[in-house]
Amino acid sequence: MISAKDWQQEQERLDLVTEGLRSQIAELEPEVSGLREQVTDIRKQFWEEVTVNTSTEEDFEETFYSIKQQEALLSERERSHRQRMQRLKSMKRLLPSPYFGRIDFQEDGTGFSEQIYIGASSFADEDAMNFLVYDWRTPIASMYYDYSPGPSDYDTPGGEITGEMTLKRQYQITDGQLQNVFDTSLTIGDELLQQVLGKGANAQMKSIVATIQKEQNTIIRNDKSRMLIVQGAAGSGKTSAALQRVAYLLYKHRDRLKADQIVLFSPNPMFNSYVSTVLPELGEENMQQTTFQEYLEYWLGSTMRIEDPFEQIEYALTANLSEEYEARLSGMHYKASENFLHAIQSYALWLGEEGMRFRSIQFRGRELITAEQMKSQFYSYDRSIRLANRMGLLREWLLRELTTLERQERDELWVQDELNYLDNEQYAEAYSALLKKYQREEAVFDFTKQYEEVYGDFRGQELGEENVFDFSVQEESLLRRMVVKEHFKPLRRDVKRFMFIDVVGLYDQLFSEDATFRRMTNETEVPKEWPAICKQTKEKLSRLELFYEDATPYLYLKELVEGARTNTMVRHVFVDEGQDYSPFQYVFLKRLFPRARMTVLGDFGQAIFPQATNLQEVDSPLIRLYDESETSLIRLVQSYRSTREIVEFTRALLPNEEIVPFQRAGRKPCLLKAGSSEKRAARIIADLADLKAEGFDSFAIITKNAAESLESYETLTAQGCETLRLITKETITFEKGIAVMPAYLAKGVEFDAVLIYDASSQTYHRESERKLFYTACTRAMHRLLLYTTGEWTPYIQAVDTSLYEEE
């Protein structure tokens with residue numbers, strides 16, 4: 001603690017800053033209100049101030065500039081209102097706790113030390129000459145996170161600034177009053193971190209910039225790497241650092257980077273709700289948030305039914321007795337691999353020479369253009385032209401062919417039948433179109449051209465009065481054209497969308513017998529279960545369905561043939577739970593966002609999906625995705641989420657993982673054995689009541705899969721537990737209370753207490769499920785309770801008995 005004199009000086013300084021905030025807030029509020037009224041008035045009166053007159057060129061020009069002037073005025077007022085509103089919100093956020101840290105820094109070559117107070121955003125005095133609080137994202141504030149008192153430096157656009165940090169101080173401030181002040185030589189004082197971590201879990205993740213650690217700060221401020229990989233232990237603050245990184249990037253590059261140019265791929269929709277408050281808390285707009293499944297559904301969902309990753313993992317967890325299980329699991333691994341990626345790339349080259357499949361264009365029960373005609377035309381193009389470009393040439397050829405066929409179709413009998421049923425509106429439309437042609441050029445009508453369209457070339461023929469333009473003939477001709485054109489519209493639309501390519505057939509063709517597959521792909525190795533994999537895939541495709549492991553390869557092949565879609569606006573892509581993405585998916589993301597930098601966060605210790613990618617091995621496909629000089633790998637081994645006792649227990653479940661617990665004490669995990677499922681439910685209900693009495697209010701009853709979640713939910717509800725919330729893959733909001741959920745949906749979130757519903761050897765016995773069990777246990781911040789009605793899982797039996805309590 002600091003001296004009484006220092007405490008008084010700090011409180012006086014805090015009072016000065018607080019008063020300054022109140023004063024500027026009082027000045028800004030009427031300004032913001034006035035600007036808002038001005039913007040509203042300008043919007044209402046926009047067209048009243050503008051006289052629209054297009055009679056002459058001069059009138060049109062005057063109208064144009066009048067509109068532009070009003071538009072500029074409105075834009076300026078809106079910008080002023082937005083800037084002041086943002087500043088007002090920033091100051092109101094600062095008011096309860098203006099800053100959390102201070103460093104005293106003496107720059108080399110100067111004779112004085114500057115006091116730098118650090119908070120969630122910047123605040124200057126009324127003259128804007130002196131910063132009373134520095135935003136935590138400013139270059140000078142980086143020293144607070146990176147250095148202890150002593151020699152220190154920070155980077156600026158003008159170069160490196162070096163000097164001496166003479167003091168590092170931390171504060172806890174509530175409603176403008178100092179609660180705690182202490183000097184520290186550590187990165188972030190244990191006292192502050194202890195108090196923050198000692199609080200209960202919130203319904204949403206919170207931004208606690210005061211507790212950013214040095215290694216997290218390295219992640220946040222990395223502005224050079226094209227690919228930043230963060231391999232972090234459970235509870236090491238990966239996601240928190242990623243969100244602070246977004247805020248830092250938006251602050252540093254605020255003149256050229258907007259929130260909608262950043263995309264976060266999250267593990268499930270509920271996670272989006274969990275992290276949704278962090279950026280607004282820091283005064284930034286939320287970035288775009290989505291899941292990879294949502295992207296697949298957007299592009300393929302209209303034509304194919306796609307299994308989602310949760311259906312896939314449910315199969316992996318529950319279908320082990322099925323005869324097809326081993327083949328399906330083998331297919332999951334192979335289709336996610338780099339080998340299959342290379343196979344599809346080679347297959348696309350082979351298709352450039354032979355094997356392309358098309359759908360004929362049919363109209364009224366007959367083929368207008370056959371698949372063989374398309375194939376012949378496609379392979380007539382120069383083979384050196386890229387596959388997708390040749391497909392573009394074929395599309396243009398098809399559109400020209402449709403134009404010719406459309407013209408021929410006008411004389412067919414069915415067209416006359418359609419004419420007989422046209423309504424008055426369609427006749428009026430045709431009449432109006434013809435009349436406009438007559439009235440053009442001061443009613444001078446080029447009937448020669450019109451006549452030729454109906455009767456053909458009449459040059460050399462003698463025209464008598466009976467050949468003079470017949471309006472009714474013209475009207476019928478136009479109506480025929482309109483009718484056929486309307487019927488051909490879907491054909492043209494489908495051609496423009498490449499619907500003439502049989503993508504399902506192309507992907508199905510890939511799963512041929514071993515020798516054919518090798519010939520098409522140059523693949524030297526295939527899984528031994530290849531025949532069964534082919535059978536399963538083909539059966540699924542025949543129903544226009546895709547396994548989850550097939551969705552990305554299918555879309556990738558589709559784009560190799562049709563042309564790749566790219567988004568050049570997005571500049572940063574964040575992938576959370578990155579270990580659950582396949583090498584195939586990373587290649588796809590790199591191609592989709594060619595101008596973006598990528599930040600991947602994950603923990604291979606929580607790699608529960610079959611297509612997992614190792615984030616930290618030297619030969620990992622993720623590390624090879626970009627040039628080695630553009631790739632950085634940062635490892636976070638300190639776990640902050642859970643108490644030391646919980647971390648030591650969960651670390652023993654993965655003996656080869658390097659995990660360092662933070663020194664925050666608590667109770668050891670508690671193992672409870674019940675005689676029956678009913679007794680277990682009764683004990684869980686009693687334990688929940690005790691945990692609530694201890695002051696905890698965020699709980700998760702975690703099961704292995706969805707069926708077990710439903711069973712436990714119904715059992716507990718039947719015994720009188722009325723406050724449960726069943727979490728499924730459709731759940732989109734994260735709320736406090738008692739959640740019942742499968743382990744794979746709990747990833748990325750945390751709870752005050754976690755209750756493992758069934759930790760028996762009957763439920764968890766396969767080595768492939770060890771990481772799932774570990775993931776479930778690491779969701780606990782303060783208390784971890786595990787239940788069984790039989791023998792404990794082998795994972796627990798191998799743990800030292802000193803690491804847990806047993807009843």
Side-chain angles (χ1 to χ4, degrees), residues 199-203 270 274 317 641-643 645-646 649-650 666-731 733-747 749-764 772-793 795-796 804-807:
K199 295 177 181 177
N202 199 278
M270 186 179 70
Y274 180 62
L317 292 174
R641 173 188 296 140
S642 309
T643 60
E645 289 77 8
I646 292 175
F649 173 82
T650 54
R667 282 189 59 178
K668 293 179 181 180
C670 188
L671 277 59
L672 303 120
K673 188 174 286 190
S676 65
S677 59
E678 290 76 16
K679 289 181 179 178
R680 174 175 57 191
R683 180 59 191 264
I684 288 174
I685 293 171
D687 287 342
L688 284 169
D690 290 343
L691 290 166
K692 286 182 181 178
E694 288 183 50
F696 300 125
D697 56 10
S698 174
F699 312 94
I701 299 169
I702 300 181
T703 65
K704 179 181 175 181
N705 54 49
E708 191 180 288
S709 284
L710 180 60
E711 176 201 330
S712 60
Y713 175 80
E714 290 175 343
T715 302
L716 291 165
T717 302
Q719 292 208 25
C721 192
E722 300 177 351
T723 57
L724 300 181
R725 184 171 184 238
L726 181 64
I727 305 298
T728 68
K729 64 182 182 180
E730 282 82 25
T731 304
T733 57
F734 186 85
E735 299 173 1
K736 275 190 175 183
I738 306 172
V740 182
M741 63 175 67
Y744 54 80
L745 287 180
K747 296 188 71 169
V749 295
E750 59 190 26
F751 306 88
D752 291 334
V754 165
L755 297 82
I756 305 297
Y757 185 74
D758 186 356
S760 69
S761 58
Q762 183 178 356
T763 298
Y764 292 99
L772 184 74
F773 186 75
Y774 167 80
T775 300
C777 293
T778 55
R779 302 305 96 198
M781 288 181 64
H782 304 286
R783 298 293 304 280
L784 175 61
L785 296 84
L786 303 96
Y787 303 84
T788 186
T789 57
E791 292 297 315
W792 292 108
T793 170
Y795 321 143
I796 291 178
Y804 57 81
E805 301 171 351
E806 189 169 8
E807 291 185 22

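None of T715, N705, L726, V740 except one satisfies the side-chain contact (heavy atoms from CB on, under 4.5 Å) rule with L710; the exception is L726. In summary, of the residues considered (L688, L785, I756), a side-chain contact (heavy atoms from CB on, under 4.5 Å) with I701 occurs for L688 alone. Between P669 and the choices L784, V754, T643, the side-chain contact (heavy atoms from CB on, under 4.5 Å) rule is met once, by L784.
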Full working for side-chain contact (heavy atoms from CB on, under 4.5 Å) between I702 and Y757: CA-CA 6 Å; I702 300 181; Y757 185 74; over 6 Å; no
Worked check of side-chain contact (heavy atoms from CB on, under 4.5 Å) between F699 and K692: CA-CA 9 Å; F699 312 94; K692 286 182 181 178; 3.7 Å; yes
Would you check, one step at a time, whether the test side-chain contact (heavy atoms from CB on, under 4.5 Å) holds for I646 with T778? CA-CA 8 Å; I646 292 175; T778 55; over 6 Å; no
Derivation and outcome, salt bridge (Lys or Arg N to Asp or Glu O under 4.0 Å), residues E750 and R641: CA-CA 8 Å; E750 59 190 26; R641 173 188 296 140; 3.1 Å; yes
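Here E645 does not pair with R783 in a salt bridge; the nearest charged N to carboxylate O distance is not below 4.0 Å. Under 4.0 Å is where a charged nitrogen must lie from a carboxylate oxygen, and between K673 and E806 no such pair does. Under a 4.0 Å N-O distance rule, the pair K668/E805 does not qualify as a salt bridge.
Minimum heavy-atom separation, L716 to A681: CD2-O, 3.6 Å. Listed here is the closest heavy atom pair of M741 and A739: CE-CB, 3.7 Å. Between A706 and P742, the shortest heavy-atom distance links the atoms N-CB, 4.0 Å. Minimum interatomic distance between L786 and C777 (heavy atoms only, all atoms of both residues): CD2-SG, 4.0 Å. Across all non-hydrogen atoms, the minimal contact from S642 to A780 is OG-O, 2.5 Å.
Residue H782 holds its NE2 atom at 5.5 Å from CZ of F696, rounded to the nearest 0.5 Å. Within the model, atoms CH2 of W792 and OH of Y764 stand 12.0 Å from one another, a figure rounded to the nearest 0.5 Å. Annotation: the span from E711 atom CD to S677 atom OG amounts to 7.0 Å, rounded to 0.5 Å. Between atom CZ of residue R680 and atom OG of residue S712 there is a gap of 8.5 Å, rounded to the nearest 0.5 Å.
Side-chain atoms of D758 never come within 3.5 Å of backbone atoms of T788 as a donor-acceptor pair (strictly under, hydrogens ignored). No side-chain donor-acceptor contact under 3.5 Å links Q719 to the backbone of I685.
T728 and E730 share a side-chain donor-acceptor pair at under 3.5 Å. When only modelled atom types and interatomic distance are considered, T703 and S709 share a side-chain donor-acceptor pair under 3.5 Å.
Looking at heavy atoms from C-beta onward, E807 lies in side-chain contact with C670 at the 4.5 angstrom threshold. Within the 4.5 Å cutoff, side-chain heavy atoms of K704 are placed close to those of L772. With a 4.5 Å cut-off on side-chain heavy atoms, T733 and M270 do not count as touching. When side chains are defined from C-beta on, T793 does not count as touching T763, because their heavy atoms never get closer than 4.5 Å.
Side-chain rings of Y795 and F773 approach one another, their centers coming within less than 6.0 Å.
In E694, the CD atom is crowded: over 12 heavy atoms of neighbouring residues, nucleotides or ligands sit closer than 6.0 Å.
For the pair R683 and Y787, the cation-pi test (distance below 6.0 Å, angle within 45°) is failed.
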